[in-house]
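By convention in this document, chain letters (A, B, ...) are assigned in the order of the sequence lines, proteins followed by strands, and residues within each chain are numbered from 1.
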Number of protein chains: 2
Amino acid sequence: MAKRLNKRRSNDPEGIRKRIVDTAFSAFSTRGYGVTSVQDLKTAAGVTGGAFSHHFPTKKELGLAVLHGNVADAVEETWIKPVAEAKTASAGVEAIFARIIRELDQQGFVSGCPLGNMVSELARQDDDMRKAAIAILEKWRKELAQKIRADQRAGHCAPLDAETAANFIIASYWGAMAIAKASQDSSALKDCSQELLRYLELHPGQRPCL
Amino acid sequence: MAKRLNKRRSNDPEGIRKRIVDTAFSAFSTRGYGVTSVQDLKTAAGVTGGAFSHHFPTKKELGLAVLHGNVADAVEETWIKPVAEAKTASAGVEAIFARIIRELDQQGFVSGCPLGNMVSELARQDDDMRKAAIAILEKWRKELAQKIRADQRAGHCAPLDAETAANFIIASYWGAMAIAKASQDSSALKDCSQELLRYLELHPGQRPCL
DNA sequence: ATTCGAACAGGACAATCATCCTGTTTGGAG
DNA sequence: CTCCAAACAGGATGATTGTCCTGTTCGAAT
């Protein structure tokens, strides 16, 4: 059915798969899962329908691949690693916010947190995607809590439950990202960073610092 | 083209319009704007295509009506009024979280914050919807900040910028709702409430309580 | 009683969606 | 070389999508 050999073809399954997944991650993150059609992805990635459905029979499988791959990697790169390498959790949080704010300001627009976006769009729509998302989320929280506990053992005055605090940090980050996305301005992130540091740094527990 | 008068019809433009808008608010909040088709809404609201397109020529106009109406009202009812009527901002926040957690637990599932959901789905997709959303958001923040300032004037020890703190509260609430939606569990909201109160109540400013 | 615009009925419409299908090409195993 | 499964090409398909259109009915004003 294909014409002649007008163009050379080279079988590169991993390369094409990566092109599709990367294109999808970008589109899902900036525009959303639902509004991105597989046609859009085919043309954007430069792959034919045959190649596409060979690697990803359904759109959902592509979504799961993006979650398990690019989204998990993004969380790892922008949060987990910087926190682990920072001196303290609060120093890590401060650096992470500063970097994201800087990137957003020079990018000119705010797309939001990739994981947060996919969660709020798909969590009540597809249970497999929801579970894939919470797996990433739980690792994120676990690593953050671990760092907080390490800080506490190192003598930092922060008598709060590490898991609870990690949840709170991620929540305020997600929400600040959503506000920034709505207002298309990074100032919500600046506010969040400032107040989060205030929350983390001076913490005499329940009684006001004896 | 219509058959005979098999069923009586009563012209009730406001009633039908309200049925459509309320159905749409429920569907947009629990499932999402994109995945909800106008066919779904027609059957769910029990209106014909003619009636629907008479009141809302496009889906977008319906979305804007839902935002300006039901979503704004929901924010008013669940946040602005309770905060205004509470003794202090932190007491109001505590009561609001407690009520939402109670409702979610007995409802059995978490759909997320209606405004937060629509923002993260539509903010980068349609500028009119985005602007409608930030109008609600800004009023929300303004009222919250006003309450915080009133608390400060009343002698409460909270030397923080009211607008910034309001942003932070809304952000952490949105994010906690998103986490709760992902995990289908209200514990993220409990964590957020607890830490938010800690943040609000004991606040000796920059220097650790002289 | 007549009239006229608003309110509504009930489909028709093209466009787009995700998926599937048949056929061709590639590249390694034997 | 031969052979064959995986990798890809290039549409076709049926179901949905949002919107539109023609015709009918209501209700208030005259």
Side-chain angles (χ1 to χ4, degrees), chain A residues 1-24 27-28 31-67 118 121-122 125-126 128-129, chain B residues 1-24 27-28 31-67 118 121-122 125-126 128-129:
Chain A
M1 189 169 268
K3 310 284 178 61
R4 294 293 95 190
L5 43 90
N6 43 6
K7 281 289 164 65
R8 209 81 180 116
R9 169 156 77 93
S10 60
N11 280 9
D12 180 23
E14 290 161 23
I16 286 198
R17 188 191 150 93
K18 182 168 163 48
R19 275 225 310 277
I20 295 174
V21 171
D22 289 348
T23 307
F28 292 167
R31 304 188 195 183
Y33 177 87
V35 291
T36 303
S37 73
V38 303
Q39 280 295 347
D40 292 342
L41 295 174
K42 284 178 199 168
T43 55
V47 298
T48 63
F52 188 93
S53 64
H54 173 72
H55 290 282
F56 301 102
T58 66
K59 190 185 182 183
K60 172 177 170 175
E61 292 190 43
L62 175 57
L64 287 170
V66 167
L67 273 174
M118 295 198 74
E121 184 176 358
L122 300 172
Q125 210 175 123
D126 187 293
D128 294 321
M129 299 235 193
Chain B
M1 186 171 269
K3 309 283 177 61
R4 296 290 95 191
L5 43 91
N6 43 5
K7 282 291 165 61
R8 209 83 180 115
R9 169 155 76 93
S10 61
N11 279 8
D12 180 22
E14 290 161 22
I16 287 201
R17 188 192 151 94
K18 180 166 166 46
R19 276 225 310 277
I20 296 174
V21 170
D22 288 347
T23 306
F28 292 168
R31 304 188 196 181
Y33 177 87
V35 291
T36 303
S37 72
V38 302
Q39 281 294 348
D40 293 341
L41 295 175
K42 283 178 199 167
T43 56
V47 297
T48 63
F52 188 94
S53 65
H54 173 71
H55 290 280
F56 300 102
T58 66
K59 190 184 181 183
K60 172 175 169 175
E61 291 189 43
L62 174 57
L64 287 171
V66 168
L67 274 173
M118 296 198 75
E121 184 176 357
L122 300 171
Q125 211 176 123
D126 188 293
D128 294 322
M129 302 236 193

Inset, instruction - Apply side chain to side chain contact (heavy atoms under 4.5 Å, CB included) to the pair B/Val38 and B/Phe56, showing each step before the final yes or no. - result: CA-CA 10 Å; B/Val38 302; B/Phe56 300 102; over 6 Å; no
Inset, instruction - For A/Tyr33 and B/Glu121, run side chain to side chain contact (heavy atoms under 4.5 Å, CB included): C-alpha distance rounded to whole Å, both residues' side-chain angles, the deciding distance at 0.1 Å, then the answer. - result: CA-CA 9 Å; A/Tyr33 177 87; B/Glu121 184 176 357; over 6 Å; no
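Between C/dA7, D/dT19, D/dA9, one nucleotide has an atom nearer to the side chain of A/Thr48 than all others, and that is D/dA9. Nearest to the side chain of B/Thr58, among D/dT19, C/dC8, D/dA9, sits D/dT19.
Put simply, B/His54 has no side-chain N or O that comes within less than 4.0 Å of OP1 or OP2 on C/dC8. Regarding contacts with the backbone of C/dA6, every side-chain N or O of B/His55 stays at 4.0 angstrom or more from both OP1 and OP2. Side-chain nitrogen and oxygen atoms of A/Ser37 include at least one within less than 4.0 Å of the OP1 or OP2 phosphate oxygen of C/dC17.
Going from atom CD1 of B/Ile16 over to atom P of D/dT25 covers 16 Å, rounded to whole Å. The separation between A/Asn11 atom CG and C/dG27 atom P is 5 Å, rounded to whole Å. B/Asp12 has its CG atom 11 Å from the P atom of C/dA9, to the nearest Å. The interatomic distance linking B/Phe56 (CZ) with D/dC20 (P) rounds to 15 Å, in whole Å. A/Asp40 places its CG atom 16 Å from the C1' atom of C/dT19, with the value rounded to the nearest Å. Between A/Arg17 atom CZ and D/dC8 atom C1' there is a gap of 16 Å when expressed in whole angstrom units. In this structure, the CZ atom of A/Arg31 is 12 Å from the P atom of C/dC17, given to the nearest Å. Atom pair A/Lys42:NZ and C/dT16:C1' shows a separation of 12 Å (rounding to whole Å applied).
The two residues A/Ala51 and A/Val47 have their closest heavy-atom pair at CB-CB, 4.4 Å.
Residues B/Leu41 and B/Ile20 have side chains not in contact (no heavy-atom distance under 4.5 Å, counting atoms from C-beta outward).
Among the protein residues, A/Lys60 comes within range of no part of the nucleic acid, since none of its heavy atoms lies under 4.0 Å from any strand.
Each of B/Thr36 and B/Ser53 lies near DNA chain D, and the nucleotide nearest B/Thr36 is the one positioned closer to the 5' end.
Scanning for side-chain hydrogen bond (donor to acceptor under 3.5 Å, both in side chains) contacts around A/Asp22 gives A/Lys18, A/Asn70, with sequence neighbours left out.
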